[in-house]
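Please read the structure below before turning to the comments.
Every chain is numbered from 1, with letters handed out A, B, ... down the list of sequences. Only heavy atoms go into these numbers, but all of them, side chains included; no hydrogens, no water, no symmetry mates.
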Amino acid sequence: MKTEEPILTLRVPAEFNFEECLVVLERSPLENLYGIRNKHIRKLLVHEGEMIFIEIAHAECALRIEFLTGTPSSGGISAVQAFVEEWFDLQTDLLPFYEMAAQDPILHELVKKHYGLRLLCIPDLFEVLSWAVMGQQINLAFAYTMKKRFVENFGESFVVDGETHWAFPTCEKIAEIEVDELRQLQFTAKKAEYIIGIARAMANGDLSKQALMREKDEQKVEQALTAIRGIGPWTANYAMMRCLHVPSAFPLVDVGLHNALKKLLEREHKPALSEVEALSKKWNGWQAYAAFYLWRTLYE
DNA sequence: TGCCAGGAAGCCG
DNA sequence: CGGCTTCATGGC
């Protein structure tokens, strides 16, 4: 039966390891924006109102994408292809990163151990910013609880084989809700204000991924983001590395990075910000990948 | 139980 | 600009 389903195949680079990506994708049991079973990823996408449910599997030198809900429109197929290419960062050539990392005392073991890990992207700007705000200054386990509640209260869903699959809420939807509705989900008043404010800025066009991607000056991208209430340097750089494809983005104050460095450097205490900054300068042009590989060490 | 968590705003000098 | 305080909530 499934052999009748339409299939899309995307070639992957040589520097690609699907299982390394799965380790990162499987880091929380509360994740509800995709499901993974037997190394197959199922995900619901909504493109211009069209619900598209896909299953992604790794095949020889490729990702094999199956449309479980029938053939989408041609625009839908293009959107799925673009989404998956972004999600697994298939366009980036990692060889220069690996050449740099081979000379680096901290990274050289990491890139051997996790060879082929891609920087997993969150293509939706509203999703990456909301997720970052939820994660500010709280433990990640609770952040996932918040995200699950947020998605299941305001996102669209689609039931397949008795299982409900979710799409992240749109900025248009969240632009219309009030702070109290998020307070009920254990959001602090500030986080609720920040996320609704971001949603309204995106819904009215003041903030868009397209406009940010057009700006080639990374400092100006960061400035544009930090001008928005609730987005500080950490959130801006998080979004730049995981959504806007800025290779030099680096969330300097990130506690996870500090813990990863503490472990790798076998220190008793977390490194000072000045030391983290000095290290990151050596990763010039690849700070985003360096950060992602450092985070990877926390998931085992 | 108390410390801490993938920070940011607000204030002060 | 740089340092300090406050915010708020749950995990472990």
Side-chain angles (χ1 to χ4, degrees), chain A residues 23-31 33 110 114 117 119-122 124-151 153 168 179-199 201 207 219 221-244 246 249-264 267-277 279-280 283 287-300:
Chain A
V23 171
V24 176
L25 290 172
E26 290 182 302
R27 72 187 185 278
S28 172
L30 295 179
E31 179 60 65
L33 292 175
L110 285 186
H114 306 300
L117 171 65
L119 199 170
L120 296 164
C121 175
I122 299 175
D124 176 4
L125 180 65
F126 179 58
E127 179 183 334
V128 78
L129 289 173
S130 301
W131 172 228
V133 170
M134 289 180 212
Q136 289 170 359
Q137 181 55 23
I138 59 170
N139 62 78
L140 261 187
F142 180 50
Y144 273 105
T145 299
M146 293 175 77
K147 184 173 85 162
K148 179 175 163 63
R149 291 174 182 162
F150 185 72
V151 168
N153 273 272
F168 198 80
V179 167
D180 281 350
E181 295 177 73
L182 293 181
R183 290 283 297 130
Q184 291 171 19
L185 309 184
Q186 266 56 55
F187 283 56
T188 64
K190 280 186 179 174
K191 288 195 181 191
E193 290 168 12
Y194 296 164
I195 289 171
I196 292 171
I198 289 165
L207 176 64
Q219 305 271 9
V221 176
E222 184 171 346
Q223 285 168 15
L225 286 167
T226 55
I228 297 166
R229 187 172 145 82
I231 301 181
W234 177 84
T235 301
N237 278 274
Y238 186 86
M240 288 162 73
M241 67 176 275
R242 294 206 67 188
C243 179
L244 301 175
V246 178
F250 189 73
L252 180 63
V253 304
D254 185 271
V255 173
L257 283 182
H258 302 166
N259 285 327
L261 288 168
K262 174 188 166 194
K263 186 159 79 173
L264 290 168
R267 298 282 178 80
E268 187 179 352
H269 300 289
K270 287 181 283 192
L273 277 184
S274 56
E275 184 178 4
V276 180
E277 189 170 21
L279 288 170
S280 71
W283 305 327
Q287 289 93 333
Y289 257 93
F292 205 75
Y293 272 66
L294 287 168
W295 282 336
R296 171 65 181 83
T297 67
L298 302 171
Y299 306 145
E300 52 192 350

Over how many whole Å does the gap from [X] atom [atom1] to [N] atom [atom2] extend?
| X | N | atom1 | atom2 | answer |
| --- | --- | --- | --- | --- |
| K262(A) | dA5(B) | NZ | C1' | 14 Å |
| M134(A) | dG10(C) | CE | P | 15 Å |
| Q137(A) | dT5(C) | CD | P | 15 Å |
| L129(A) | dG7(B) | CG | P | 16 Å |
| F142(A) | dC7(C) | CZ | C1' | 14 Å |
| F250(A) | dG7(B) | CZ | P | 13 Å |
| L273(A) | dC4(C) | CG | P | 13 Å |
| F187(A) | dG7(B) | CZ | P | 16 Å |

*For F250(A), ring-ring contact (aromatic ring centres under 6.0 Å, His included) partners two or more places apart*: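 F250(A): no ring-ring contact (aromatic ring centres under 6.0 Å, His included) contacts found.
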_Partners meeting salt bridge (Lys or Arg N to Asp or Glu O under 4.0 Å) with K190(A) (sequence neighbours left out)_ =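 With sequence neighbours excluded, K190(A) shows a salt bridge (Lys or Arg N to Asp or Glu O under 4.0 Å) to no residue whatsoever.
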_Footprint string (nucleotides 8-13 of chain B, 5' to 3'): B base within contact, S backbone only, - free, heavy atoms under 4.0 Å_ = SSS---
*What does R183(A) touch in the nucleic acid at a heavy-atom separation under 4.0 angstrom: a base, only the sugar-phosphate, or nothing?*
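Sugar-phosphate, backbone atoms only, no base.
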_Rounding to an integer number of angstrom, what distance separates dA8(C) and dG2(B) when you compare their P atoms?_
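Here dA8(C) and dG2(B) have their P atoms 22 Å from each other.
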*Consider the side chain of N139(A), meaning its heavy atoms from C-beta on, and name the nucleotide among dA8(C), dA5(B), dT9(C) that approaches it most closely.*
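Taking heavy atoms from C-beta onward, the closest nucleotide is dA5(B).
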*Would you kindly compare A141(A) and T188(A) by the position of their nearest DNA chain C nucleotide and give the one closer to the 5′ end?*
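Nearest-nucleotide comparison on DNA chain C picks T188(A).
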Do [X] and [Y] have side chains that approach each other closer than 4.5 Å (heavy atoms only, starting at C-beta)?
| X | Y | value |
| --- | --- | --- |
| K147(A) | L33(A) | yes |
| L225(A) | L244(A) | yes |
| R27(A) | Y144(A) | yes |

*Evaluate the ring planes of Y289(A) and Y293(A), with Trp represented by its six-membered ring, and classify them as parallel (under 30°), tilted (30 to 60°) or perpendicular (over 60°).*
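The rings of Y289(A) and Y293(A) sit tilted, inter-plane angle from 30° to 60°.
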*CZ-CD distance between R183(A) and E193(A), expressed to the nearest 0.5 angstrom*: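 Between R183(A) CZ and E193(A) CD, I get 10.0 Å after rounding to 0.5 Å.
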*Are K270(A) and dA5(B) close enough that a side-chain N or O sits under 4.0 Å from OP1 or OP2?*
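Yes, within the criterion.
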